[in-house]
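A short worksheet on the structure shown next.
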There are 2 protein chains.
Amino acid sequence: MVTTRRTGLREQKKQATREALSAAALRLALERGPDNVRVDDIAEAVGVSPRTYNNYFSSREQAIIAAVTSEREARVAAAVAERPDGVGLATAVIEAIVDLYTDPGEPGRDALLLITTRPALREAFVDTTSAIEHPLTDAIAGRLGDVDPHTPRVLAASVAAAVRVAVEQWLRTTAASFTAGGLVVPSGSLPDLLRTMLAPLTPALDAAEQRARRRRR
Amino acid sequence: MVTTRRTGLREQKKQATREALSAAALRLALERGPDNVRVDDIAEAVGVSPRTYNNYFSSREQAIIAAVTSEREARVAAAVAERPDGVGLATAVIEAIVDLYTDPGEPGRDALLLITTRPALREAFVDTTSAIEHPLTDAIAGRLGDVDPHTPRVLAASVAAAVRVAVEQWLRTTAASFTAGGLVVPSGSLPDLLRTMLAPLTPALDAAEQRARRRRR
DNA sequence: GCAGAAAAGTGCGTGCACGCAAGTTTGCGT
DNA sequence: ACGCAAACTTGCGTGCACGCACTTTTCTGC
């Protein structure tokens with residue numbers, strides 16, 4: 001039997017405590033509001049020392065956010081890779097990312113509402129966009145047949161940056177619609193924003209693909 | 001008389017203390033090594049309270065780095081804008097950035113060496129790349145005649161991301177050449193790396209420029 | 001199985017970031 | 001010139017991140 005790489009029980013328990021910690025963090029934050037949650041509380045809820053807590057997370061925000069965005073990092077690579085070779089790199093990447101963000105990582109709407117409300121959490125949420133960079137680099141390199149290692153890195157970084165801009169914009173407008181008591185999101189849904197922000201990068205992705213294809217024959 | 005925007009003496013003094021703080025931070029870090037510099041020391045050297053210190057900088061690393069990279073943020077916009085309208089957007093941006101990073105912010109080589117040596121400082125240095133994003137956004141918007149506010153944002157973010165990748169790569173190799181006792185930088189100078197990493201974005205910049213030009217007539 | 005190595009968990013100490021609520025300086029209108 | 005308002009500075013208190021050294025748990029080779 002093939003263990004999921006590396007020793008089994010060890011990684012398994014690690015993953016378990018990690019999830020327990022972030023779950024507890026989210027639960028407590030929802031119950032009492034994020035400002036009334038001490039690191040000690042989270043640690044105690046899981047039955048682990050505070051010091052151990054911060055071996056896993058180096059900020060409360062990280063722990064809370066992780067409950068919502070944990071597997072995104074892992075899903076990106078698969079999402080891009082599974083697109084048929086027929087479709088272009090640009091559309092493959094764009095559709096994969098849109099999928100990634102439309103299917104809610106799922107737990108609850110209230111979690112997202114909590115995140116979009118509190119500034120510290122919003123910031124942490126924006127920061128998670130950079131987590132897709134490395135998986136994306138590999139996925140793009142796979143599609144390009146990695147002739148030059150730099151191009152995939154730059155493209156992945158740019159895509160991640162565009163995603164960040166989209167999320168920032170989304171947060172900005174949703175915040176505005178909350179405070180202003182507006183009815184619906186003025187500037188569009190997150191998927192729409194993602195498409196809008198990723199569109200300007202299409203030429204770069206296409207060009208890289210053409211270069212790679214030309215080089216391959 | 002036109003003050004440099006906003007009230008004169010106030011901003012002037014603020015800027016003075018800011019510079020004094022970062023200068024002191026750098027000086028002390030060079031003298032004793034960065035690990036032997038307490039925040040209190042920096043504050044005391046400038047004659048200001050520690051609390052005030054962190055009204056200006058929220059980490060020692062920031063303060064030290066700022067001594068080297070302070071005006072970069074301001075110079076980018078000017079650097080892009082001053083390129084003649086004849087040259088394309090892509091080359092204007094690339095050349096401006098290369099200039100920005102080749103002309104050393106200047107102070108001393110030892111400062112840079114200190115930065116490239118200590119991990120915490122390296123990380124802070126990498127983070128400074130994102131500071132060019134907003135000025136770049138304005139500069140690009142200016143050249144495109146800002147029809148759509150999103151495109152400049154995405155492009156600027158992508159360029160900043162590419163610059164970050166270049167700096168990361170540069171730091172990686174210089175670190176390797178230090179530890180391995182290698183002679184010269186294996187993968188190229190920073191300017192070369194910048195050109196390499198920015199090249200894949202050229203199609204995106206060109207395309208945006210074409211779209212803007214088409215729209216203008 | 002068992003011994004030794006590797007890794008995760010823990011306790012402790014230190015330096016720091018940051019909110020808050022004064023105190024102090026600067027700028028502006030009249 | 002004068003006083004008010006806004007901006008900057010400061011002291012204090014709290015929670016936290018993180019290095020270090022040590023214990024406990026898990027893995028590996030024999």
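The sequence lines fix the lettering, A, B, ..., with proteins before strands; numbering per chain opens at 1.
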Worksheet item: If you measure only the distance, is there a donor-acceptor pair under 3.5 Å linking the side chains of B/Arg72 and B/Thr128?
Response: yes
Practice prompt. Send over the distance from A/Leu28 CG to D/dG15 C1', rounded to a whole Å.
Written response: 16 Å
Worksheet item: Whole-Å distance between C/dG15 P and B/Gln62 CD?
Response: 21 Å
Worksheet item: Is it true that B/Arg122 and B/Glu61 make a salt bridge, defined as a side-chain N closer than 4.0 Å to a carboxylate O?
Response: no
Discussion item. OP1 or OP2 of C/dT25 versus the side-chain N and O atoms of B/Lys13: is any pair under 4.0 Å?
Written reply: no
Discussion item. So if I take residues 29-37 of chain A and measure heavy-atom distances to DNA chain C, which residues fall below 4.0 Å?
Written reply: none
Worksheet item: For the helix from C/dG1-D/dC30 to C/dT30-D/dA1, what angle lies between the axis at the first five pairs and the axis at the last five pairs, to 10 degrees?
Response: 40°
Worksheet item: So, is A/Tyr56 near the phosphate of C/dG9, with a side-chain N or O under 4.0 Å from OP1 or OP2?
Response: yes
Practice prompt. Could you check which of C/dA17, C/dC16, D/dC16 has an atom nearest any side-chain atom of B/Asp40?
Written response: C/dC16
Worksheet item: Can we say A/Arg75 and A/Asp99 salt-bridge, meaning some charged N sits less than 4.0 Å from an Asp/Glu carboxylate O?
Response: no
Worksheet item: For residues A/Asn55 and A/Thr52, is any side-chain donor paired with an opposing acceptor at under 3.5 Å?
Response: no
Worksheet entry | Pair A/Ser58-A/Gln62, side-chain donor/acceptor within less than 3.5 Å | yes
Practice prompt. Classify the side-chain pair B/Thr173/B/Gln169 by whether it contains a donor and acceptor separated by less than 3.5 Å.
Written response: no
Discussion item. Whole angstroms only, please: what is the CZ-C1' distance between A/Arg18 and C/dA8?
Written reply: 14 Å
Worksheet item: Does a side-chain heavy-atom distance below 4.5 Å link B/Phe125 with B/Thr69?
Response: yes
Fill in: Candidate nucleotides C/dT10, D/dA17, D/dC8, ranked by approach to the side chain of A/Asn55 - the nearest
C/dT10
Discussion item. Using salt bridge (charged side-chain N to carboxylate O under 4.0 Å, His left out), reason through A/Arg164 and A/Asp127 one step at a time and then give a plain yes or no.
Written reply: CA-CA 8 Å; A/Arg164 174 177 54 75; A/Asp127 287 344; over 6 Å; no
Worksheet item: Do the numbers put B/Arg60 on top of the ring of B/Tyr53, so that NZ or CZ is under 6.0 Å from the six-membered ring centre and no more than 45° off the axis?
Response: no
Discussion item. Whole angstroms only, please: what is the CG-P distance between A/Asp41 and D/dG15?
Written reply: 10 Å
Worksheet item: Nearest to the side chain of A/Val39, which nucleotide is it out of D/dT9, D/dC16, D/dC18?
Response: D/dC16
Worksheet entry | Nearest-angstrom distance from the residue atom CD of A/Glu61 to C1' of D/dG15 | 12 Å
Worksheet item: How close or far is atom C1' of C/dT26 from atom NZ of B/Lys14, stated in whole angstroms?
Response: 13 Å
Worksheet item: For B/Gln15 and D/dT9, what is the distance between atoms CD and P respectively, to the nearest whole Å?
Response: 12 Å
Worksheet item: So which nucleotide from D/dA17, C/dC16, C/dT10 ends up closest to the side chain of A/Asn54?
Response: D/dA17
Item to complete: Taking all non-hydrogen atoms of both residues into account, name the closest pair between A/Ile132 and A/Ile97 and its distance.
Response: CD1-CD1, 4.4 Å
Practice prompt. Search all heavy atoms of A/Tyr101 against all heavy atoms of A/Val167 and return the closest pair with its distance.
Written response: CE2-CG2, 4.4 Å
Item to complete: Whole angstrom is fine here: how far is it from CG in B/Leu21 over to P in C/dA17?
Response: 13 Å
Fill in: Heavy-atom closest contact (B/Ala96 atom, B/Arg83 atom, distance)
CA-NH2, 3.5 Å
Worksheet entry | Closest to the B/Glu11 side chain, choosing from C/dA8, D/dC8, D/dC18 | D/dC8
Output one line per pair: protein atom, nucleotide atom from nucleotides 11-14 of chain D, and distance, for all N/O pairs under 3.5 Å.
{"residue": "D/dG11", "atom": "O6", "partner": "B/Arg51", "partner atom": "NE", "Å": "3.3"}

